[in-house]
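The first residue in the sequence is number 1, and the count goes up from there. Hydrogens, waters and symmetry mates are skipped; everything else that's a heavy atom, side chains included, is used.
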Amino acid sequence: MTKVCPEIEDMTLPEPVTTVSADVSFASNHFPSYKLGPDNQIVEEPKEDDKGPSVQDTVEKESELLSDQHKRLSVRDLASKFDKNLAAAVTLADEAKLKEAASLEGHVMLKKLRDALEYMRGRMDGQNKEDVEKAISMVVEALAVKLTQNEGELIQEKFEVKKLGNFLKQASEDAKKLVNHEKSFACAEIESARAVVLKLGEAFEEQERSSEASRAQGPDVEKLVEEVQEARQIKRMHHPTKVMGMQHELHGLRSRLQEKYMNSIKLHQEIKRVEESKSCPFVLEGTQSLGSCLRINVSSENAIDLSNCSIQWYRAACETSRREAISGANQSLYAPEPFDVGRILQADILSNGQKVTVTTDGPIDPDSCLQSRVESLMRKSNSEFSVVISQMNGQDYASRTHVFTVGKTRIKLSRGWITKAREIYSTSMQLCGVRGNIKAPAKVLFWQPRKSLTFILTFESEQERNTAIVLARKYAFDCNVSKNFLLKCYS
């Protein structure tokens, strides 16, 4: 006994003071739980982290969810929200019970701690006894204060939970009322829809009766009724293919009506021309399109000889508009040029003071392939055409095939390395069709590079000749040269 007592005093007197003062935690939000370890030391148990949401956060979240109840919701949404609120209330009640049990457990642990400290105080002897008692009293007071604070917080939380439960109960009652209201409103809408369906059925029955009564009036009415029923069925079933088919059929009917209308106009013009030809001694023959040739012939045996008559050709936008005289076109033969496309041609025949006018049946028709041919050649820097020189400076000229080159800035006539003429676009240049009595005038072109030099060139086809005229005209416009050089002529 004498050997053990000094060792107990050395181990128990200094260490409890430091151990107790080190284990005290005044900043903790929870009641600390202790247990005795080796050498009668107080060991703090590990804390369990409670990461669950607080009551205030839960109340705010449920308040936001309940604020959505003021909006009109479906029955399914109301039922789901109601179930969620009940689950939240049950969870909060369970948490309150658990916290209340924890509070009771805290009282028990405090009592046990007091008993343990009293037991330790009874064993203390010596000069550190007062310090130990003071430390023990401070720990007990701090634990009592902390427990009291926790109990107050628990009471406050229980009050908030009870308040939230009452609020959820009131909200559930409001939700039930809203569900009943929506249910009654839906029933009323169903009844109104049912009444509308009954009215539509009666209307369809009445329509069927009226259609059956109208069928007896004749086959035309029966056919019309069938078409109307088919159209209604198509509209009801929303078949876009049938509607598109009917639209295409309607478009075809319109195009055929337009074609018949144009044919009737042409027949009317033909009848008018025939009636005028009976009284007119001259007639205009030839295809009225680009690339053809128009010729004035005598329609009666008693007509005056054309060689003794004065002839002048005109172009106009329509029969009633102002006419434009075609310079140099004073022969009985005339080949339309690209400038004449879309216009009406007329010819005045004057003899012995009497003037007779012949007119084309309509505007000159274009060449369907000319535009695409011109567009393809304009992609190149130069366009070459094979020509034969028929006349040079007004004299017949027998030559082989030459190359007539229409460029973006100039025109050139050459054969191999030999160049006959080469000039840039200018106001002194003349380029047009031949208007005189010459063989195949629709293929012939008159070109005057400068005042002292002229050529009459024969192309391989009418389209080549018209293409050369159109290209030269477009390039001259690009070079800021007046278009009048294309309208000059040679007769």
Side-chain angles (χ1 to χ4, degrees), residues 255-256 258-270 273 284-296 313-329 331 333-347 358-380 383-387 404 406 408 411 430-435 438 440-447 457-478 482-490:
S255 62
R256 278 183 282 181
Q258 184 70 18
E259 185 179 356
K260 290 182 179 180
Y261 175 72
M262 296 301 296
N263 291 335
S264 64
I265 291 177
K266 290 182 179 180
L267 289 175
H268 180 70
Q269 293 177 353
E270 185 68 19
R273 189 178 65 82
L284 189 61
E285 296 179 350
T287 305
Q288 299 176 7
S289 62
L290 185 64
S292 63
C293 185
L294 300 178
R295 185 185 297 273
I296 301 175
W313 289 83
Y314 297 88
R315 63 170 65 94
C318 59
E319 294 183 1
T320 58
S321 62
R322 183 179 178 181
R323 301 189 305 177
E324 177 186 356
I326 302 175
S327 178
Q331 301 293 331
L333 192 65
Y334 178 73
E337 299 179 4
F339 191 72
D340 299 325
V341 173
R343 301 188 180 188
I344 294 175
L345 297 180
Q346 295 180 346
V358 292
T359 308
T360 56
D361 296 336
I364 300 300
D365 297 329
D367 186 356
S368 58
C369 302
L370 179 62
Q371 185 66 24
S372 60
R373 172 70 171 163
V374 171
E375 291 177 356
S376 63
L377 291 178
M378 287 190 69
R379 299 188 185 98
K380 304 178 182 179
S383 301
E384 297 181 351
F385 303 92
S386 297
V387 298
F404 186 68
V406 180
K408 294 183 180 295
I411 298 178
Q430 298 182 16
L431 182 68
C432 63
V434 175
R435 283 76 182 265
I438 196 170
K443 299 181 181 180
V444 180
L445 178 71
F446 170 75
W447 179 44
L457 308 176
T458 303
F459 287 75
E460 293 181 348
S461 64
E462 295 84 355
Q463 188 183 58
E464 293 291 313
R465 172 250 201 182
N466 295 324
T467 302
I469 294 176
V470 174
L471 285 175
R473 183 180 183 184
K474 289 181 179 293
Y475 292 151
F477 291 164
D478 295 339
S482 174
K483 66 178 181 180
N484 292 330
F485 85 100
L486 289 173
L487 304 180
K488 298 178 182 180
C489 65
Y490 172 79

### Closest heavy-atom pair and its distance - Leu445, Gly433
CD1-N, 4.3 Å
#### Entry: Least distance between heavy atoms, Ile411 atom then Ala472 atom
CD1-CB, 4.3 Å
### Message
For Glu460 versus Ser386, what's the shortest heavy-atom pair and its separation?
### Response
OE2-CB, 3.2 Å
## Note on the structure
Between the CG atom in Leu370 and the CD atom in Glu462, the distance rounded to the nearest 0.5 Å is 12.0 Å
## Note on the structure
The reported gap from CZ in Arg315 to CZ in Phe339 (rounded to nearest 0.5 angstrom) is 5.5 Å
### Query
Roughly how far apart are Thr467 OG1 and Met378 CE, rounded to 0.5 Å?
12.0 Å
#### Entry: Flag side-chain contact, heavy atom, 4.5 Å: Pro366 against Leu290
no
### Side chain proximity check, Thr359 to Leu284, heavy atoms < 4.5 angstrom
no
### Message
Rounded to the nearest 0.5 Å, what separates atom CD in Gln463 from atom CG in Asp367?
### Response
5.0 Å
### Task
Quick one: closest heavy-atom pair of Ser372 and Cys369, and the distance?
OG-O, 3.1 Å
### Spatial distance of atom CG (Asp340) from atom CH2 (Trp313) [nearest 0.5 Å]
10.0 Å
### Message
Using side-chain heavy atoms (C-beta onward) and a distance below 4.5 Å, is Ile296 in contact with Gln331?
### Response
no
### Query
Going through the checks in order, is the side chain to side chain contact (heavy atoms under 4.5 Å, CB included) test met by Leu471 and Leu377?
CA-CA 8 Å; Leu471 285 175; Leu377 291 178; 3.8 Å; yes
#### Entry: Check: Tyr314 and Ile326 side chains under 4.5 Å, non-hydrogen atoms
no
#### Entry: For Pro336 against Asn466, the heavy-atom pair lying closest together
O-OD1, 4.4 Å
### Min side-chain heavy-atom separation Gln288-Asp361 under 4.5 Å
yes
### Query
Any side-chain heavy atom of Leu333 within less than 4.5 Å of one from Leu294?
no
### Query
Mind checking what makes side chain to side chain donor-acceptor pair (under 3.5 Å) contact with Thr360, not counting sequence neighbours?
none
### Query
Is any NZ, NE, NH1 or NH2 atom of the basic residue among Glu324 and Arg343 found under 4.0 Å from an Asp or Glu carboxylate oxygen of the other?
yes
#### Entry: Nearest-0.5 Å distance, CD1 of residue Ile344 to SG of residue Cys318
6.5 Å
### Message
Would the distance check show the side chain of Ser292 and the main-chain N or O of Thr287 forming a donor-acceptor pair, the cut-off being under 3.5 Å?
### Response
yes
### Audit row: Trp447, Gln430, side chain to side chain contact (heavy atoms under 4.5 Å, CB included) steps and yes/no
CA-CA 6 Å; Trp447 179 44; Gln430 298 182 16; over 6 Å; no
### Query
Using 30° and 60° as the class limits, which term best fits the ring planes of Phe459 and Phe385: parallel, tilted or perpendicular?
perpendicular
### Query
Can you tell if the side chain of Glu337 reaches within under 4.5 Å of the side chain of Arg465, non-hydrogen atoms only?
yes
### Message
For a quick test of reading the model, state the closest non-hydrogen atom pair linking Cys293 to Pro441 and the distance between them.
### Response
SG-CG, 3.6 Å
#### Entry: Check: Gln346/Arg323 side-chain N/O donor and acceptor closer than 3.5 Å
yes
### Task
Answer yes or no: is there a donor N or O on one side and an acceptor on the other, between the side chain of Asn263 and the main chain of Glu259, under 3.5 Å?
yes
### Message
Any salt bridge linking Glu464 with Lys443? Criterion: basic side-chain nitrogen under 4.0 Å from a carboxylate oxygen.
### Response
no
